[in-house]
K.L.:
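Supplied in C-alpha cells, the structure appears directly below.
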Amino acid sequence: MSQYFDSKVFIEPSSSVRIITNVAPSPNLIATGVVVVIGESDGGLTYEDNIVYRSTQPNFLKDIMRDGVAKRCIDFIFNPSIKYSGANEVIFVRAQQATKATMTITQTVSTVTTTCVLTTKDKGVYLSHATNGYLWKLVVGVVDTAKSILMLKFEGNVIWTSPECGTYQALIDAVAANTFISSLFTIAVTVGVASTAIDITARTANYAAVIGGTSPAMTGTTIDSALALCATLNADFYFIASETNTNHAKIASFVTNTAESKAIAFFGGAVAETVAQAKVRSLAFNAENSVLCYPDIYVAKEDGSGSESLSPMYFAAHCVGLAAGLPAFSPLTYKTINILGFNP
C-alpha cells in the first residue's frame, strides 16, 4: 500500500489475497525451480530404502504418498497461485522409520512345519487397517478341493482371487504371474520347502488383516538421515513439513553447510504462534538462505465444504512454491496466492 505524505510517497509491504476454491494442482511447464520436501506420509518407501521420489506431476507423488501433511503441502507447492507458477519439480523424502506388513500361511503336518510369507512392498500403518487395509484368507478350491485359493481384499473390495494352487510353489508362481499383485507383494517360503503341498489345516475361515505396517512420526535422527540422501541433489529450495523449531534448524543448517548448491530453506511454525514467538525464532534463523513464514492462513477445505485455518507451515509451502515458480531474484512481495486470508 502506498501513501503520499510530506511530498513523498511511502510504500508499506502488503499482501494480495484472492478467493480460490477447488483448484487442482498442475505441473508448471515454464518454471525451473526444484523443491525438496522432507516429511511424513501414509505410504511410500523411506530414507532407509535410499529412496527419493521426484516428479513434475503432482498426482504421481499423491498416489505414492496416499495422505499426510507433506502431501497437502506439496499440493500448495505445485499450485501456490492462480496468477503465478508453482514449482516445476518436487523431490520428496519420507523421513520415517515406517515398516512393511505381512501375512503368514503356516502348517505343521507330521511334525514338518511350512511357513509362507506374503510381504507388502509399500510401508505404512494403512496396510494393516482392520477393515480398509489388506485382508486375506485361504479357502478350499472350487474345481479341485484338494487345492487352495488365496483371496485378497483392499479397502473392502476383493482385489485378487488366485488360481487353485496345490503347493506353495504354485502360489508363488501365481503371484509372480500377476503383474498387479506382484507390484504390491513379495512372497517366499521362509520355513520348509516350496514344493510342499498346501494342507487343509492352512486354510482360514475368515479374512484377517496383514500385520506389522507402521508409520511412526519422524524424529531428529530420521530427518538427519533423510537429509543425508539429499547432499548431492541439485535443488533450489528445501521445505520441511514440520512445525517444530528444532526440525527447522536442521534444514537451515543443511542448506548452509551441506547442500550441493546454494539453496534456500522455507519453514513455518505451529498454529496460533504469536508475533513475539515468530520474531524470536526469526532472529535465530537470521540467514539469507532461511525464510520463516508467518502467520496462520485460511484456505478452502479439500472437500470444498468450507474454510479452515492452517498453520504458518502451510503458508511456507505456498511461499516456497511461489519462489520456485518465479524467475530468479524475483521478490515474493505483492504476489497473489491461493488463500482466503490471514489469521494473525
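For the numbers below, each heavy atom of this structure counts, side chains included, while hydrogens, waters and symmetry mates do not.
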K.L.:
At their closest point, which heavy atom of V93 faces which heavy atom of C230, and how far apart are they?
P.N.:
CG2-SG, 3.8 Å
K.L.:
Judged by atom type as modelled, is there a donor-acceptor pair below 3.5 Å linking the side chain of T201 to the main-chain atoms of Q107?
P.N.:
no
K.L.:
Could you tell me if the side chain of I38 sits less than 4.5 Å from the side chain of N247, heavy atoms only?
P.N.:
no
K.L.:
Can you measure from CD1 (I64) to CG (D42) and round to the nearest 0.5 angstrom?
P.N.:
13.5 Å
K.L.:
Closest approach of P80 and S85, non-hydrogen atoms and distance?
P.N.:
CG-O, 3.9 Å
K.L.:
Taking I105 as the starting point, is it possible to reach I149 by hopping between hydrophobic residues whose side chains are less than 4.5 Å apart?
P.N.:
no
K.L.:
Any non-hydrogen side-chain atom of K250 less than 4.5 Å from a side-chain atom of T246?
P.N.:
no
K.L.:
Which heavy atom of V69 sits nearest a heavy atom of A241, and at what distance?
P.N.:
CG1-CB, 4.2 Å
K.L.:
Look at the side chain of K147 and the backbone N and O of V143, then say whether any donor-acceptor pair between them is shorter than 3.5 Å.
P.N.:
no
K.L.:
Could you give the distance from SG (C116) to CD1 (I172), rounded to the nearest 0.5 Å?
P.N.:
5.0 Å
K.L.:
Enter the distance from C319:SG to I264:CD1 here, rounded to the nearest 0.5 Å.
P.N.:
12.0 Å
K.L.:
Under a single-linkage definition using a 4.5 Å side-chain heavy-atom cutoff for Ile, Leu, Val, Met, Phe, Trp and Tyr, are L118 and Y207 assigned to the same hydrophobic cluster?
P.N.:
no
K.L.:
For F60 together with Y53, are the ring centres under 6.0 Å from each other?
P.N.:
no
K.L.:
Give a yes or no on whether a salt bridge exists between R72 and E308, defined as a side-chain N under 4.0 angstrom from a carboxylate O.
P.N.:
yes
K.L.:
Looking only at heavy atoms, which two atoms of F315 and C293 are closest? And how far apart?
P.N.:
CD2-CB, 3.9 Å
K.L.:
If you round to the nearest 0.5 Å, how far is CG of L127 from CZ of R66?
P.N.:
8.0 Å
K.L.:
Take N289 and T256 through the test side-chain contact (heavy atoms from CB on, under 4.5 Å) and record every step on the way to the result.
P.N.:
CA-CA 7 Å; N289 60 345; T256 300; 3.4 Å; yes
K.L.:
Looking only at heavy atoms, which two atoms of Q97 and T214 are closest? And how far apart?
P.N.:
O-OG1, 4.3 Å
K.L.:
Does any N or O in the side chain of D296 come within less than 3.5 Å of the main-chain N or O of V271, such that one atom is a donor and the other an acceptor?
P.N.:
no
K.L.:
Return yes if some donor-acceptor pair links the side-chain N/O of D224 with the main-chain N/O of T221 below 3.5 Å, else return no.
P.N.:
no
K.L.:
Is there a path of hydrophobic side-chain contacts, each under 4.5 Å between heavy atoms of I, L, V, M, F, W or Y residues, that connects V34 with V52?
P.N.:
yes
K.L.:
Please check if atom NZ in K279 has more than 12 non-hydrogen atoms from other residues, nucleotides or ligands closer than 6.0 Å.
P.N.:
no
K.L.:
For D303 and S305, test the side chains for any donor-to-acceptor distance below 3.5 angstrom and give the result as yes or no.
P.N.:
yes
K.L.:
Has Q96 got a side-chain atom pairing as donor or acceptor with P216's backbone, closer than 3.5 angstrom?
P.N.:
yes
K.L.:
Check this for me: I200, atom CD1, are more than 12 non-hydrogen atoms of other residues, nucleotides or ligands nearer than 6.0 Å?
P.N.:
no
K.L.:
May I ask you to check whether T102 and T119 show a side-chain donor-acceptor distance below 3.5 Å?
P.N.:
no
K.L.:
State, to 0.1 Å, how close A87 and V90 come at their nearest heavy-atom pair, and which atoms those are.
P.N.:
CB-CG2, 4.4 Å
K.L.:
Give a yes or no on whether the backbone of Q57 and the side-chain of S55 come within a donor-acceptor separation of less than 3.5 Å.
P.N.:
yes
K.L.:
With the side chain counted from C-beta on, respond yes when T258 and L227 share a heavy-atom pair under 4.5 Å apart, and no when they do not.
P.N.:
no
K.L.:
If you count heavy atoms of other groups shown closer than 6.0 angstrom to CD1 of I159, is the number above 12?
P.N.:
yes
K.L.:
Please list every donor-acceptor pair under 3.5 Å in which a side-chain atom of residues 178-198 meets a protein atom from a residue at least two apart or in another chain.
P.N.:
residue, atom, partner, partner atom, Å
N178, OD1, F180, N, 3.1
N178, OD1, I181, N, 2.9
S182, OG, N178, O, 2.8
S182, OG, T179, O, 3.1
S183, OG, F180, O, 2.5
T196, OG1, V193, O, 2.9

K.L.:
Between L45 and K123, is a side-chain contact (heavy atoms from CB on, under 4.5 Å) present by the stated rule, with each step listed?
P.N.:
CA-CA 6 Å; L45 299 181; K123 293 181 174 182; 4.2 Å; yes
K.L.:
Assess whether side-chain contact (heavy atoms from CB on, under 4.5 Å) is satisfied between Y168 and T114, documenting all intermediate values.
P.N.:
CA-CA 9 Å; Y168 288 100; T114 307; 3.6 Å; yes
K.L.:
Mark yes or no for whether D236, through its side chain, and A324, through its backbone, hold a donor-acceptor pair below 3.5 Å.
P.N.:
no
K.L.:
If hydrophobic clusters are built by linking Ile, Leu, Val, Met, Phe, Trp and Tyr wherever their side-chain heavy atoms come under 4.5 Å apart, do L150 and F154 end up in the same one?
P.N.:
yes
K.L.:
Between F239 and I74, is there a side-chain heavy-atom distance shorter than 4.5 Å?
P.N.:
no
K.L.:
Output the distance between atom CZ (R94) and atom CE (M65), rounded to the nearest 0.5 Å.
P.N.:
9.0 Å
K.L.:
For M218, is there any backbone N or O sitting under 3.5 Å from a side-chain donor or acceptor partner on E40?
P.N.:
yes
K.L.:
Check whether S128 reaches the backbone of V210 with its side chain - one donor and one acceptor, N or O, closer than 3.5 Å.
P.N.:
yes
K.L.:
Checking E164 side chain against G141 main chain: does a donor-acceptor pair fall under 3.5 Å?
P.N.:
no
K.L.:
Quick one: sort the F267 and H248 rings into parallel, tilted or perpendicular, breaks at 30° and 60°.
P.N.:
parallel
K.L.:
Tell me whether V140 shares a hydrophobic cluster with V142, the cluster being built from Ile, Leu, Val, Met, Phe, Trp, Tyr side chains joined at under 4.5 Å.
P.N.:
no
K.L.:
Suppose we screen for ring pair (Phe, Tyr, Trp, His ring centres under 6.0 Å). Which residues come up paired with Y314, at least two apart in sequence or across chains?
P.N.:
none
K.L.:
So L229 and N50, do their side chains get closer than 4.5 Å, heavy atoms only?
P.N.:
yes
K.L.:
As an exercise, state the distance from CZ of F76 to CD1 of I339, rounded to the nearest 0.5 Å.
P.N.:
10.0 Å
K.L.:
With side-chain contact (heavy atoms from CB on, under 4.5 Å) as the criterion, how do I223 and I240 come out once you've worked through the C-alpha distance, each side chain's angles and the decisive distance to 0.1 Å?
P.N.:
CA-CA 9 Å; I223 291 171; I240 184 164; 3.8 Å; yes
K.L.:
Any side-chain heavy atom of S282 within less than 4.5 Å of one from Y294?
P.N.:
no
